[in-house]
Amino acid sequence: MVESESAIIELKDVEMEYDNGTKAVRGISMRIAPGEFVFLVGPSGSGKSTIIKLLTGEVNPSAGRVRVNGFSTRNISERQVPLMRRTLGVIFQDFRLIEKKTVYDNLAFVMRAVGASAKESRQRIPYVLELVGLEQKTYSYPDELSGGEQQRVAIARALVNNPSTIIADEPTGNLDPERSLELMDLLVKINELGTTMVVVTHEKDLVDRFGKRVVTIDSGRVINDSVGGYVGGHIHG
Amino acid sequence: MGKHNFGYFVHEGFSNMFSHGFMSFAAIGITVACLLIMGTFTLVAVNANGLLKDLERENEMLAFVEEDCPDASSLQKKLEAIPNVDTVAFISRQQAMERFVEQYPDEEMFRDLDPNILRDRFSIKITDLELISRTKEAVDAVDGIAYVNAAEDVAGGFITIRNVATVVCVALIAILFVVSVFIISNTIRLTTFDRREEIAIMRMVGATNGFIRWPFVYEGFLMGFLGASVAFLMEWGLYEAVAQGVSTSDAMQLIDVIPFRELWIPVAGSFAAAGIFIGVGGSLSAIRKYLQV
């Protein structure tokens, strides 16, 4: 069911217990406003990945409510899950590009998947590739690109369907520090164009450098939510 | 389904089939083999059934009239009224004698026989051979009928052959059908496993289950249809070859093979329906687990 609220993402008293009894999330509440840039940090097993799964509708909360871009997971129907996902762009640490497709075809593929025509793809893809600085690599295959370039393709793919929110799960995990910084700059630039950005990372230097809102998770709970940099103990990827 | 998606689904279905050449070839081959075996058994059963029907039609019951029956022909209506009786033909003593003599043209001694040593009789043909005993009892019970000759053993033999053929046929068809669905399903499961990353990405960006499913359904459809087409052509060739062999064989000259031109429409229809069902059913079963959540 579509609802309208000022927060574009809202988690309220969310609990998540898997079938094997693991309690991954214990009563998390959090609101993210439209156009906000939020780092989600925390040690391994803290519940960050489960929060991503909750936001993308891969799992449903055991208790509480998750609302994403107007869709509430409490009463979302199976048919509405794809519609909710169309409002999100997701970036993974391991890029997840289709090796046998060119950069252009990787993007056209996801546009086609949500019903865009070939003409719409021809209009949109050059713009997005220019935004991520890969217009020269349009017809390259993923294995012809560096790790940083592959992650830029993944960002382009997340952007191509014009989502209101991008969720990046450890986007710099496979990149060297210089490429990581370039990539984060790119995400900030995209955020400045109006896209809400949720970035899961364990790179303290990057988090501190950008002075954005940081939500720290540990043992399934929010232990800190502040602007300016990471606060708390060690972060282990 | 958007109209620009239809071409995409068909294109994807085709390219999936060709990109998994060996597995697709194996799946089509198995479909052909299964349909061919199913079709051959069915056609043998159809021909056997036709042959048995002919034999059933020839299988007559003779009801002999009492010596003192004043008007034998008056019994005809009573006999015709008995359930399961198809036709009743009166044969007088004289006619019976003539037929008897005709059967033994070389036996001089039969020619001078008095027809009165024979009885008037009725030749009765029945509709359902399985009810021969009950019909015989009903005919026997008619006033004026002395006794009845019916080849119950022969009838029982026909029935047993037909029933066994039907059971074997149905069982084989069912087994081969399940085997075909299983193999096609596994073939497409390999395709889906190979493309699980694409499916995961499609789901993540908001593709509907229908969008993800259709290319696999077309792939299954194409494999099933191709399998059915090849099986039909092979069945046709095989049938004509066997029919030719039977018609030129001295030992099998009594067997009348039904011409393929009388059977091709139901054969083609059944093959196409079974092939498409096997292909589409197999692909739906294979893709199901990737579409959860």
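So you know, we letter chains A, B, ... as the sequences are listed, proteins then strands, and number each from 1.
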A.B. asks: Contact part of B:Glu197 toward chain A, heavy-atom cut-off under 4.5 Å: side chain, backbone, both or neither?
C.D. replies: side chain
A.B. asks: Whether the side chain of A:Asn60 engages the backbone of A:Leu54 through a donor-acceptor N/O pair (distance < 3.5 Å, no angle test) should be reported.
C.D. replies: no
A.B. asks: Name all residues meeting the salt bridge (charged side-chain N to carboxylate O under 4.0 Å, His left out) criterion together with A:Arg179; count only those two or more places apart in sequence or in a different chain, and write none if there are none.
C.D. replies: A:Glu182
A.B. asks: What option among A:Asn106, A:Thr87, A:Ile98, A:Thr56 has the most heavy-atom pairs under 4.5 Å with chain B?
C.D. replies: A:Ile98
A.B. asks: Below 4.5 Å from any heavy atom of chain B, which atoms of A:Arg157 appear? Answer side chain, backbone, both or neither.
C.D. replies: side chain
A.B. asks: Tell me which one of A:Leu145, A:Val103, A:Leu134 satisfies side chain to side chain contact (heavy atoms under 4.5 Å, CB included) with A:Arg152.
C.D. replies: A:Leu134
A.B. asks: Report which part of A:Val90 has an atom under 4.5 Å of a heavy atom belonging to chain B: side chain, backbone, both, or neither.
C.D. replies: side chain
A.B. asks: Given B:Met202 and A:Arg85, is the side-chain contact (heavy atoms from CB on, under 4.5 Å) satisfied, shown in steps?
C.D. replies: CA-CA 10 Å; B:Met202 283 198 272; A:Arg85 287 180 178 156; over 6 Å; no
